[in-house]
Amino acid sequence: MEQLIIGLGEALWDCLPEGKKLGGAPANFAYHVGQFGLPSLAISAVGNDELGNETLKAFDRKRLKYIMPRVDFPTGTVQVVLDVEGVPTYDIKEGVAWDNIPFTGDIKEAAEHCRAVCWGSLAQRNEVSQNTINKFLKSTPKGCLKIFDINLRQNFYTKEIIQSSLRLCNVLKINDEELVTIGRMFGYPGLDIENKCWLILGKYNLDMLVLTCGVNGSYVFAPGSMSFRETPKIEVADTVGAGDSFTGSFTAAILAGLPIAEAHRLAVDVSAFVCTQNGAMPVLPKEFIERIKG
């Protein structure tokens, strides 16, 4: 089996004003990594229902490989409402298939051949999927790049789950609003954003901390260095999936051996492009792909 780059967690449909689109951070991440020619895989669960059938057919059309056990819960959906600037808010349905991902033999084998994995806090809101994620992470080989894309949604997180994942990851991806929440939760609300990031980087012995701040730019912190890039000014269609495309392209660039600053620049450009498109999984222009291969 190839050394896989895996998105692990929720698989769901974003119900947008113009109709439903396949989403979920892990699938979005795996799809974008795969566009750079890396062997990627989405791992989740879908229901024994028509929406589950649609999910697998949609992944097949996107040529996204997956392990998606069928379980006796409905396939996940999210009601997405966009504000005037295209920024989404989410109503995430509970008791769905991705809350109940079983730790199957196929998933264990994928973990044992994992080169990089990205997961978040949302898919850990239910004990079944939380246990599967923890078993997966503990089954990965030494040297596996473990990216915790924190992804705080509604009230579906706890301090304990966040701390557990911080101890298991070597890269944290977080946005500025989530950083404020974490600062309050962990008891250091008075620090500015950079000092909060340095503190988390050191406290959890991370290799990198990626902070996105919407229109106010983004940072990558690593021991002894920091990269900052401004956000390009673009015409926004919607921002759904933009953060996942950032994480996916950044991961692909780091795995290809690009320096952090170059990987950061590519991630910013890719996520800006995704914001100009409708939905989370647009096809990327070849010029982005060539920046890694070149």
Side-chain angles (χ1 to χ4, degrees), residues 2-7 25-26 28-40 114-120 143-151 169-176 178-179 193-194 196-198 200-202 204-234 236 239 241-277 280-294:
E2 294 178 287
Q3 295 301 297
L4 300 166
I5 296 88
I6 293 172
N28 295 341
F29 167 83
Y31 174 74
H32 287 294
V33 167
Q35 291 201 76
F36 288 94
L38 295 171
S40 65
C114 183
R115 187 181 178 196
V117 57
C118 183
W119 79 99
C144 177
L145 185 66
K146 297 176 182 175
I147 307 135
F148 179 39
D149 187 351
I150 196 165
N151 200 20
C169 75
N170 42 38
V171 178
L172 171 65
K173 162 95 181 313
I174 191 168
N175 66 36
D176 50 347
E178 291 165 340
L179 187 64
I193 60 170
E194 289 189 24
K196 278 186 184 135
C197 290
W198 287 122
I200 294 168
L201 186 83
Y204 292 97
N205 196 30
L206 303 176
D207 294 334
M208 285 177 275
L209 187 155
V210 179
L211 173 68
T212 57
C213 303
V215 297
N216 296 315
S218 58
Y219 301 78
V220 181
F221 297 85
S225 69
M226 182 189 78
S227 171
F228 172 78
R229 292 204 67 82
E230 292 185 355
T231 301
K233 290 180 172 57
I234 49 156
V236 174
T239 63
D244 305 322
S245 71
F246 184 113
T247 313
S249 51
F250 182 79
T251 300
I254 290 295
L255 292 176
L258 267 63
I260 285 175
E262 286 186 40
H264 186 191
R265 183 164 66 91
L266 176 64
V268 168
D269 293 345
V270 167
S271 61
F273 169 78
V274 170
C275 285
T276 68
Q277 308 296 303
M281 296 185 186
V283 175
L284 297 179
K286 288 183 180 178
E287 65 192 71
F288 293 139
I289 314 304
E290 289 166 359
R291 280 162 62 175
I292 284 184
K293 292 181 178 177

query = What's the verdict on side chain to side chain contact (heavy atoms under 4.5 Å, CB included) for Ile193 and Asp176, showing C-alpha distance, side-chain angles and the deciding distance?
reply = CA-CA 8 Å; Ile193 60 170; Asp176 50 347; 5.6 Å; no
Sorted by chain and number, sequence neighbours left out, side-chain contact (heavy atoms from CB on, under 4.5 Å) with Asn170 holds for Leu145, Lys146, Asp207
Correct closest heavy-atom pair for Ala30 and Gly7 would be CB-N, 4.3 Å
May I have the list of side-chain donor-acceptor pairs in residues 208-228 shorter than 3.5 Å, sequence neighbours left out?
unit_1: Ser218; atom_1: OG; unit_2: His264; atom_2: NE2; d: 2.8
unit_1: Ser227; atom_1: OG; unit_2: His264; atom_2: ND1; d: 2.7

In this structure, CD1 of Ile147 is separated from CG of Leu206 (nearest 0.5 Å) by 12.0 Å
Between Ala272 and Pro232, the two heavy atoms sitting closest are CB-CG, 3.8 Å
Value for CD (Glu2) from SG (Cys114), rounded to nearest 0.5 Å, stands at 13.0 Å
Shortest non-hydrogen pair, Leu266 vs Ser249, comes out as CD2-O, 4.1 Å
ask   = Is any side-chain heavy atom of Phe250 less than 4.5 Å from a side-chain heavy atom of Lys173?
value = no
Taken to the nearest 0.5 Å, the spacing of Gln277 CD from Ser245 OG works out to 11.0 Å
If we only count heavy atoms from C-beta on, is the Leu172 to Ile150 side-chain gap below 4.5 Å? yes
Trace of the side chain to side chain contact (heavy atoms under 4.5 Å, CB included) decision for Leu4 with Ser40 = CA-CA 6 Å; Leu4 300 166; Ser40 65; over 6 Å; no
Next on the checklist: For the backbone of Leu255 and the side chain of Arg115, can you confirm whether one donor and one acceptor N or O come within less than 3.5 Å of each other?
Outcome noted: yes
Looking only at heavy atoms, the pair that brings Leu179 and Cys197 closest together is CD2-SG, 3.9 Å
What pairs of donor and acceptor atoms, side-chain ones from residues 32-39 against any protein atom, are under 3.5 angstrom apart with sequence neighbours left out?
unit_1: His32; atom_1: ND1; unit_2: Gln35; atom_2: NE2; d: 3.3
unit_1: His32; atom_1: NE2; unit_2: Ala280; atom_2: O; d: 3.0
unit_1: Gln35; atom_1: OE1; unit_2: Leu284; atom_2: N; d: 2.8
unit_1: Gln35; atom_1: NE2; unit_2: Pro282; atom_2: O; d: 3.2

By side-chain contact (heavy atoms from CB on, under 4.5 Å), Asp244 pairs with (sequence neighbours left out) Ala25, Asn28, Asp149
CZ of Phe29 to CE of Met281, rounded to nearest 0.5 Å, is 12.5 Å
Heavy atoms of Trp119 and Cys169 approach each other most closely as CH2-CB, 3.6 Å
Inset, instruction - Would you mind reporting whether Phe288 and Asp269 have side-chain heavy atoms less than 4.5 Å apart? - result: yes
In terms of heavy-atom contacts, Asn175 and Glu178 come closest through OD1-N, 2.7 Å
side-chain contact (heavy atoms from CB on, under 4.5 Å) filter on Pro259, not counting sequence neighbours, yields Glu262
